[in-house]
Amino acid sequence: MLQLHNTLTNSKVPFTPIEPGKIRLYVCGMTVYDYCHIGHARVMVSFDVITRYLRHAGYEVEYVRNITDVDDKIIKRAAENGEACDQLTERFIAAMHEDERALNVLKPDQEPRATAHMEAIVDMVQTLIDKGFAYAASNGDVYYRVDKFATYGQLTNRKLEGMRAGARVDVNDVKENPFDFVLWKAAKAGEVSWASPWGDGRPGWHIECSAMTKCCLGNHFDIHGGGPDLPFPHHENEIAQSEAANGETFVNYWLHAGAVRVNKEKMSKSLGNFFTIREVLAKYPAEIVRYLLTASHYRSQIDYAEGALVEAQSALDRLYTAMDQLTLVADVSLAGPHLERFNAAMDDDFNTREAIAVLFDMAREVNRLKRDADAGAAKLASQMRGLGNILGLLEMDPQTYLKGQAGEGDLSDAAIDALVAQRNEAKTNRDFALSDQIRDQLKDAGVVLEDSKEGARWKRES
RNA sequence: GGCCGAAUGGCAGAGUGGCCAUGCACCGGAUUGCAAAUCCGUUUACCGCGGUUCGACUCCGCGUUCGGCCUCCA
């Protein structure tokens, strides 16, 4: 029985799909004006794991993640660069796709772009005006009338009266209520714009998602996800827009990922502790980053620090070492007590940490079987890999993983093999002084040796 | 100020009303020419104060501390 934490009720609840066996899932994607950072990576990986697991559990999942490709920041950045908006966004969309592939994040089934849904957006704004939930202001903007939507604040348990006191919103005299938010922004001279009944302009951020969810998934769908900073106001506003315009329940379950901090501080550009995915991937193999993000529960806050990556690497090394030197079979049945534990963990609001603990228990068992030269080792290791694959992990060949990539200035595989051969000869001659000298030399070069009956193996340590 | 979440062993991080989390690190043993890897074993814990209970880290209340959101933000 799948249970998940619903932000709407702020509790863990049993999951029931609208249509048996099918799940329609929408996740708020990126605004593409810069490279994705480690916080984006968390959302990508979290919902990738969730989607993979739901499919493993037998659901047919329609996964939609949008791209916001028109927005103030994009316009500003493009102007600074002296390039066209679409040129800028194409560049960063391509970069985002590269980052995703590196992190082994599967492509969403649909990746709608705001600029490709202008008609739907304008239609929805018009509907909201027609129904009295929106109004065109004197400056050409169109605003949502929050006072008209009785349950505004339901997702984050806020009341408009309570918020007025410490409001940090712009005082803007064209709005009826300071919390009214913009649906359509009148264009300033020279900005990209689209024609509308209220004049040339562009959509507000919130309406894009309401329009795209409607296009891709319909008025009412199962799960809506996003990052930790989206419940208010973004998702609150989506609910207000979609339910007012469509006249029916918008979403059954709201899932939100936890925040990523950096060295115990909030990640922000002003603190200069902002890490892009590509910066991290330049220093660490992508699977280690994915492991780090998967080894914590998706809702928990995590701290990104160098030490955490080093530890993630040690942990992942252990799993790959267990699989090493075995002939793994691809089509092994996963059925058994480990799968049951794994599924039970994942059914409990996607408890990946507990699921990974199952993998480590399997690794210990595999190592025992290997020690006893038991033929069951390969089968169990294959099952372990199969479970890891459900999380998008353990997809590499163990030797390829352990040997790693030669970085700049590192010894090549061939050079290492030559030294290892030289050492083997020294060992055979019981020339341990030379043998140890070569081993030390390799260690200094970041290569660790492991002797075994079958000969010496090596791996790179970053 | 409002809403929400968290406080677990050296670190990271799950979980449960009474019994092993798991990983990293540490210590002892096995194995090894010595290592590495691996196995076996030991040690270290549940923020404070009340309450419920035969029994609470686990439930309830209060307090303290920390964090997220309340403005664009994953």
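None of the values given here were measured: they were computed from a predicted structure. Order of the sequence lines sets the chain letters (A, B, ...), proteins ahead of strands, with each chain counted from 1.
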Hey, does Thr7(A) reach any base, or is it just sugar-phosphate, or nothing, if we go heavy atoms under 4.0 Å? nothing
Check every strand shown and say whether Lys266(A) touches a base, only sugar-phosphate, or nothing at a heavy-atom separation below 4.0 Å. sugar-phosphate
So does Glu80(A) have more than 12 non-hydrogen atoms from other groups sitting under 6.0 Å from CD? yes
When you measure only distances, ignoring hydrogens and angles, does the side chain of Arg42(A) come within 3.5 Å of the base of A74(B) through a donor and an acceptor? no
Residues within residues 301-309 of chain A bordering RNA chain B, heavy-atom distance below 4.0 Å: Gln301(A)
Would you please confirm or rule out a distance under 4.0 Å between OP1 or OP2 of G5(B) and any side-chain N or O of Asn10(A)? yes
Answer yes or no: does a side-chain N or O of Asn351(A) lie under 4.0 Å from OP1 or OP2 of A14(B)? no
For [N], the Watson-Crick or wobble partner whose two distances fall under 3.5 Å:
N	result
C26(B)	none
A14(B)	none
C69(B)	G2(B)

Under 3.5 Å, which protein N or O atoms sit close to an N or O of nucleotides 37-42 of chain B? Give each pair with its distance.
| residue | atom | partner | partner atom | Å |
| --- | --- | --- | --- | --- |
| U38(B) | OP1 | Arg318(A) | NH1 | 3.4 |
| U38(B) | O3' | Asn367(A) | ND2 | 3.0 |
| C39(B) | OP1 | Arg318(A) | NH2 | 3.1 |
| C39(B) | OP1 | Asn367(A) | ND2 | 3.2 |
| C39(B) | OP2 | Arg318(A) | NH1 | 3.4 |
| C39(B) | O2' | Arg371(A) | NH1 | 2.2 |
| C40(B) | OP1 | Arg368(A) | NE | 2.7 |
| C40(B) | OP1 | Arg368(A) | NH2 | 2.7 |
| C40(B) | OP2 | Arg364(A) | NE | 3.2 |

How close do Phe149(A) and Gln154(A) get, counting heavy atoms only, and between which atoms? CE2-NE2, 3.9 Å
